[in-house]
2 protein chains.
Amino acid sequence: MPVIQSVDRALRILTVLQGSRRLSLGEIAGRLGLAPSTVHGIIRTLLAHGMVAQERDSQRYRLGPATLRLGNVYLDTLELRSRVATWADELARRTGCAVRTGVLLLGDVVVVHHEPRPDGTRQMPEVGIVIPAHACALGKALLAFDPAGLVDVTGRGMTGETITDPVALDAQLDQVRRTGIATEAEEAVLGECGIAAPLADAGGEAAGAIGLVVPASEWPPAASAVDALRAAARAVSRELGAQAWPPPAPDRLRPPASA
Amino acid sequence: MPVIQSVDRALRILTVLQGSRRLSLGEIAGRLGLAPSTVHGIIRTLLAHGMVAQERDSQRYRLGPATLRLGNVYLDTLELRSRVATWADELARRTGCAVRTGVLLLGDVVVVHHEPRPDGTRQMPEVGIVIPAHACALGKALLAFDPAGLVDVTGRGMTGETITDPVALDAQLDQVRRTGIATEAEEAVLGECGIAAPLADAGGEAAGAIGLVVPASEWPPAASAVDALRAAARAVSRELGAQAWPPPAPDRLRPPASA
DNA sequence: ATCCGTGTTCGGCATAGTCGAACGTTATTC
DNA sequence: GAATAACGTTCGACTATGCCGAACACGGAT
């Protein structure tokens, strides 16, 4: 599957900038193995559209405001998000936990909805944050039903608890496929556990996942919380047009009669 | 200033998609005046990075989750945002109004921070929304001190009150430069008025603007609210390293002795 | 004042992108 | 139900386009 070289490079520049906040032209060129003048031409174009911005003092480059505009429109167009909003609210009240909804982006999970814990404390909005898929419950729920295999298997862990063994992860995913429920205990951040369930769409695929954020001190969660989560996932999936929940296993795991 | 053609086209595709949510390949090609196969090649690249997504049923294209990730990182890197956060909170409490902070993106204002009205009602988060610069107080505060002239002057109005006359707008901007305060009365959305002030950075430019959203029924706002707004803008500007507030008029309006 | 370290511009070569036409598939019509 | 139309997708050839190396300007260092 051929890609347009210059566009690919432009997107790589954005990705690099997204990882390291503010970089000089030379640094970007170095990380991508390109000539500075090549990068400059592309950045000039990104600059004209507001996708990157240049600090007037240090001359370094950052992401620009156009990225925010795009991200906001993405949220608006996401049917998943509007469908999940009402259910997440109720789920948070019932369980006393924060509720996250996420979608898969390559090997990561991007949070598209966040219902804060209903205890009135000020909490940072988490919409837009990215978590490695293999290290969170949302990610496991998504990977288990993803038609593409787990992208690059597991690179490296985030905490001591992170699962870095491909076969151990695969065993977990198999269980997720059977039960429809994925869990995670301090594998992404210490002190934080999670439990999640996939959200099926009309095509029978996992369009997203919804999950509870559970403090390690309250782990494992009550059975009633798990039931509420499962019910919410079922309800949202039905609204999305899915016929079954949990969704069927992806085709790659069903090689029965074709060879 | 030459731009890379294919990258420019890729960004145009994103912009079109951002305006019209979901489009077929042919529609995109039509709006850009390009061959469908050309657009397809670019979209395939955007697809590989998650910048666009394709619906599996209708085959149409939407923006993808990678846009959200970029937008979120942009917010994190924005010094303006973190500096404004504490002040906006106090300003909202003192005035009883919602507080918005925005930056300029070509001819529009992008909201980068939003402190809801402190009356406890559920309000939509407005971070990421885009408003034509000439139709809102934030935009006027920014345009008045923007080194580039008002991009394309005023195209067309949003409500009957929107200022569409370039000279009328320029007169307002001149007053903004003198007082440091910009206002808007139902020019963007009916029933909503605004008052805003620029935020100066170390370079003496308007890096952003902060403003109050005032219901039309409470317009004009009390003098104490205007004072509080001005004080907040001064404080944030000082934290950003600005020496003066309001910032000096842009160079394009100072052609004294050079020719 | 001089030297590095930047970001930026310019021009030639060849690669890499564009376009038109053909293909396969899916929805629509009679 | 068959034929048609519309759409996304693939392929190949032409040449316009973007890539790179070297030269230029600017700033802050020593």
Side-chain angles (χ1 to χ4, degrees), chain A residues 1-14 16-17 20-64 147-148 201-205 241 251, chain B residues 1-14 16-17 20-64 147-148 201-205 241 251:
Chain A
M1 177 160 52
V3 296
I4 305 293
Q5 186 188 58
S6 53
V7 175
D8 185 67
R9 288 174 170 178
L11 297 176
R12 278 220 171 75
I13 291 175
L14 291 178
V16 167
L17 238 42
S20 313
R21 274 75 220 278
R22 43 192 79 220
L23 291 173
S24 72
L25 184 66
E27 288 171 326
I28 300 172
R31 299 194 190 198
L32 269 57
L34 297 174
S37 61
T38 303
V39 175
H40 179 73
I42 297 173
I43 286 215
R44 187 172 40 198
T45 308
L46 293 171
L47 212 46
H49 287 258
M51 291 293 287
V52 305
Q54 185 169 205
E55 326 200 313
R56 54 181 298 101
D57 42 359
S58 69
Q59 299 201 126
R60 280 189 298 202
Y61 294 97
R62 305 187 300 100
L63 291 177
D201 65 4
E205 302 211 4
D251 291 342
Chain B
M1 175 161 51
V3 296
I4 306 294
Q5 187 188 60
S6 53
V7 175
D8 185 66
R9 289 174 170 179
L11 297 176
R12 277 221 171 75
I13 290 175
L14 291 177
V16 167
L17 239 42
S20 314
R21 276 76 220 278
R22 42 193 81 217
L23 290 174
S24 71
L25 184 67
E27 287 171 326
I28 300 173
R31 297 193 191 199
L32 270 57
L34 297 173
S37 61
T38 303
V39 175
H40 179 72
I42 297 173
I43 285 213
R44 187 172 40 198
T45 309
L46 294 171
L47 213 45
H49 286 259
M51 291 292 287
V52 305
Q54 184 170 204
E55 326 200 314
R56 56 182 296 101
D57 43 356
S58 68
Q59 298 200 130
R60 281 188 299 199
Y61 294 97
R62 307 187 299 99
L63 292 177
D201 65 4
E205 300 209 7
D251 291 343

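No experiment lies behind these values; they were computed from the predicted model shown. So you know, we letter chains A, B, ... as the sequences are listed, proteins then strands, and number each from 1.
Put simply, CD1 on B/Ile28 is 11 Å from P on D/dT9, counting in whole angstrom units. The separation between B/Asp8 atom CG and C/dG17 atom C1' is 14 Å, rounded to whole Å. Across the protein-nucleic acid pair, B/Leu34 atom CG and D/dG8 atom C1' stand 16 Å apart, rounded to whole Å. B/Arg56 places its CZ atom 12 Å from the P atom of C/dT26, with the value rounded to the nearest Å. If you measure from atom CZ of B/Arg12 to atom P of C/dT18, you get 13 Å, rounded to the nearest angstrom.
For the pair B/Asp201 and A/Arg56, the minimum side-chain heavy-atom distance is below 4.5 Å. You'll find the side chain of A/His49 reaches within 4.5 Å of the side chain of B/Asp8, heavy atoms only.
Contact detail for B/Glu205 and B/Pro147: the closest heavy-atom pair is OE1-CG, 3.4 Å. Contact between B/Leu47 and B/Val52 at its shortest, heavy atoms only, is CD1-O, 3.1 Å. Pairing each heavy atom of A/Glu55 with each of A/Arg62, the nearest pair is OE2-CD, 2.9 Å.
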Item to check | Test log, rule side-chain contact (heavy atoms from CB on, under 4.5 Å), inputs B/Arg31 and B/Ser20 | outcome: CA-CA 11 Å; B/Arg31 297 193 191 199; B/Ser20 314; 2.9 Å; yes
Item to check | Candidate pair A/Leu25 and A/Gln59, rule side-chain contact (heavy atoms from CB on, under 4.5 Å), full reasoning | outcome: CA-CA 9 Å; A/Leu25 184 66; A/Gln59 299 201 126; over 6 Å; no
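For the helix from C/dA16-D/dT15 to C/dC30-D/dG1, the rotation axes defined at the first and last 5 base pairs enclose an angle of 10°, given to the nearest 10°.
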Checklist outcome for this item: Letter by letter from the 5' end, nucleotides 3-16 of chain C scores (B base, S sugar-phosphate only, - none; protein heavy atoms under 4.0 Å) ----SBB------S
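In the model, A/Arg9 has no side-chain atom that pairs as donor or acceptor with a side-chain atom of A/Thr38 under 3.5 Å.
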